[in-house]
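Side-chain atoms are counted along with the backbone in the values below, which use heavy atoms only and exclude waters and symmetry mates.
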Amino acid sequence: MALPVFISVFLLLLLLGLPVGLVMGVSSFLYLAFSGNPLYFTILPEKIFSGINVFVLMAIPFFMLAGEIMHKAGISDRLIAFSNMVIGRVRGGLAHVNVLASILFAGNTGVALGDIAALGSFLIPSMVKQGYDKAFSAAVTAASSLVGPIIPPSTIAVLYAATMGESVGALFAGAIIPGILIGLSDMIIVKILADRRQYPKIEVKVTPRIFLLGLKDAILSIIMPVIILGGLLLGIFTPTEAAAVSVVYALFLGLVVFRTLKPPHLIDLLKNPIFGTAKLFFIIAGASVVSWIFGIENAAVFAEEIFRSITSNKYILLLLINLFYLFLGMWLDPGLCIILFAPVLGPLAFKLGVHPVQFGIMVIINCNIGLVTPPVGNVLFAVCDMAKLEMVKLAKELLPFIAINFVVIMMVAYIPSLSLFIPQLLGLIK
C-alpha cells in the first residue's frame with residue numbers, strides 16, 4: 001500500500017466518525033497486511049510499546065492532576081477576583097478579566113479544557129448578566145482558553161519535546177513570550193469590539209489592603225510555573241519530577257493554605273487525569289505506528305517535494321506549512337498533529353533555518369487554534385454546550401480572535417527571537 005493510499009484510507013475512516021485511536025489502528029493494520037512483508041507484524045508490538053515508553057511523557061498525567069487540584073481548590077475564583085481588580089474598570093472589563101484570568105490560570109492547567117471548566121462556567125453567565133452578547137461571551141472564553149496549552153507548564157509542549165527529542169525546559173521558556181502575545185492579541189480584539197458595541201464597565205472598589213490580599217492569593221497560584229521552570233533551569237529536577245512537584249504544591253495550597261480541599265476529595269480528583277492519560281497514551285501508541293509507516297514510506301522527503309514543487313521561497317513555504325497545520329488542526333487533536341506530522345515537516349522547516357524550538361512553538365499554537373474551529377474542535381463543542389449556543393454563531397464570533405492569533409503565529413515564524421530569546425538568555429539553546 002503506497003503512502004497516498006494509506007493517507008486516503010486514514011482520512012476516509014476519520015470522516016466516517018471512527019475514534020482516532022481506532023482509525024490509526026485499522027489503517028496501520030491494512031497497510032502492514034498489504035505491504036507484502038510479514039516481518040512488519042513481528043516488529044509491530046515493539047513499535048507500539050516504544051511510542052509510550054518515554055520517561056518524559058510521565059509528566060503529562062502529573063500536570064493534568066495538578067491542574068485538576070488547582071481548579072477544585074478554588075484557585076480560579078481568586079484569579080478572577082484579582083484580574084477584576086487589575087483591569088475590570090475599563091470598558092468591556094469583564095471580557096478583559098476573562099482573558100487575563102486565562103493567562104494567569106494557564107500556569108496551573110496546561111490544557112484548554114481545564115481553563116474552560118475552571119473559568120467558563122462562571123464567566124459566561126456573568127458576562128451575559130452584565131449585558132454582553134452570549135456569543136461574544138462564549139467566544140472570549142473559548143479564545144482565551146488557548147493560552148492554557150501554550151504558557152508553561154504545557155502538556156502539548158512535553159509531547160512535542162518527547163516526539164522531537166527537544167528540551168522541555170527550552171520549550172517552556174520559548175513559549176512565554178508567544179503565549180503572552182496570544183493573550184494580549186485577544187485583549188486587542190476585546191477592546192475593539194467593546195468600544196464598538198459599548199459593552200459595560202465594572203465599578204470595582206480597590207483599596208491597598210484589598211489589592212494586597214488579592215495579590216497574595218494570586219501570587220500563590222502564579223508561582224507554580226515559576227517553581228517548575230526554576231527547578232528545570234537549575235537542574236534540581238527533571239520535567240517529570242517537576243510535574244510531580246507541581247502536584248505536591250497544588251495539594252499544599254488546597255489542603256493547608258486555602259483549606260478548600262479535604263482528603264475525601266482526592267479520590268474524585270484522580271478521575272479526569274486517569275481517563276485523560278489513558279486516552280492520550282492510547283493515541284500516542286497508535287500514532288507511533290503511523291509515524292513508523294511514514295518513516296518506511298519516506299514521508300518527510302515526499303512532503304518536502306510537494307511543498308518545494310509549489311515554491312522555493314522561504315517565507316511562502318513557512319506560510320504554507322502554517323496553513324497546512326491550521327488545516328490539520330481543524331480535523332485532528334493537537335497532540336496527534338504533533339506526533340504524526342512534526343517529524344514529517346520538521347526537517348523541511350529546519351532546512352529553511354527554523355530552529356526546532358521555534359518550530360515547536362509555531363506548531364503548538366497553530367494546532368491549538370484547531371480546538372476552536374469546526375468540525376471537530378473540542379473547545380468549540382465544550383463552550384457551545386456550556387453556553388447552550390449554536391456552533392455557527394460561536395464560530396462567527398470567534399473569527400477575529402482566530403485571525404489575530406494567526407498573525408501571532410506568523411510573527412513567531414518570521415521573528416525567531418520571539419520564541420528563542422528567553423531560551424538563549426537562559427543558556428538552554430545556542
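- M58 pairs with exactly one of T240, I52, T238 by the side chain to side chain contact (heavy atoms under 4.5 Å, CB included) rule, that one being T240.
- For N368 (side chain) and I364 (main-chain N/O), a donor-acceptor pair under 3.5 Å exists by modelled atom type.
- Residues satisfying the side-chain hydrogen bond (donor to acceptor under 3.5 Å, both in side chains) criterion with R308, sequence neighbours excluded, are E304.
- Taken from CD1 in I150 to CD1 in I177, the straight-line distance is 13.5 Å, to the nearest 0.5 Å.
- Considering every non-hydrogen atom in both S27 and F6, the closest pair reads O-CE1, 3.4 Å.
- Other residues, nucleotides and ligands contribute more than 12 heavy atoms inside 6.0 Å of the CZ atom of F381.
- Checked against a 6.0 Å centroid threshold, the rings of F41 and F29 count as neighbours.
- The number of heavy atoms from other shown groups lying within 6.0 Å of CD (E46) is above 12.
- Closest approach of A162 to V54, counting heavy atoms only: CB-CG1, 4.0 Å.
- Side chain of Y249 to backbone of I228: no donor-acceptor contact under 3.5 angstrom is found.
- The closest side-chain donor-acceptor pair between T141 and N98 falls under 3.5 angstrom.
- The local environment of CZ in F62 is sparse, with at most 12 non-hydrogen atoms from other residues, nucleotides or ligands closer than 6.0 Å.
- Here the side chain of S28 pairs no donor or acceptor atom with the backbone of G25 at under 3.5 angstrom.
- Shortest non-hydrogen contact noted between L94 and Y132 is N-OH, 3.3 Å.
- Heavy-atom contacts from other residues, nucleotides or ligands closer than 6.0 Å to CZ of F282 number 12 or fewer.
- Remark: I293 CD1 to S35 OG distance equals 8.5 Å, nearest 0.5 Å.
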Using distance only, find each side-chain donor-acceptor pair of residues 402-416 under 3.5 Å and give its atom names and separation, not counting sequence neighbours.
residue : atom : partner : partner atom : Å
N405    : OD1  : S185    : OG           : 3.2
N405    : ND2  : F401    : O            : 3.4
Y414    : OH   : Y315    : O            : 2.6

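- Checking side-chain atoms of S288 against main-chain N and O of K47 turns up a donor-acceptor pair under 3.5 Å.
- Of all non-hydrogen atoms in T311 and L317, the two that sit nearest each other are O-CD2, 3.6 Å.
- Looking at every heavy atom in both residues, L418 comes nearest to P178 through O-CD, 3.5 Å.
- Nearest approach of Q358 to L420, heavy atoms of both residues: N-CD2, 3.9 Å.
- Rounded to the nearest 0.5 angstrom, L253 CG and M224 CE are separated by 8.5 Å.
- Side chain of N53 to backbone of F49: no donor-acceptor contact under 3.5 angstrom is found.
- Annotation: the span from N366 atom CG to I369 atom CD1 amounts to 5.5 Å, rounded to 0.5 Å.
- Within the 3.5 Å criterion, the main-chain N or O of F136 finds no donor-acceptor partner in the side chain of D133.
- Judged by distance alone, the side chain of S144 and the main-chain N or O of V99 form no donor-acceptor pair under 3.5 Å.
- When atom types are taken as modelled, the side chain of S102 and the backbone of L146 share no donor-acceptor pair closer than 3.5 angstrom.
- Taking the six-membered ring where tryptophan is involved, the planes of F359 and Y160 are tilted, since the angle between them lies from 30° to 60°.
- Checking side-chain atoms of K134 against main-chain N and O of A387 turns up a donor-acceptor pair under 3.5 Å.
- A distance of 5.0 Å separates CE in M330 from OG1 in T373, rounded to the nearest 0.5 Å.
- Although no hydrogens or angles enter the test, the distance criterion places a donor-acceptor pair under 3.5 Å between the side chain of S154 and the main chain of A157.
- Screening V158, I361, L159 for a side chain to side chain contact (heavy atoms under 4.5 Å, CB included) involving L171 leaves a single residue, I361.
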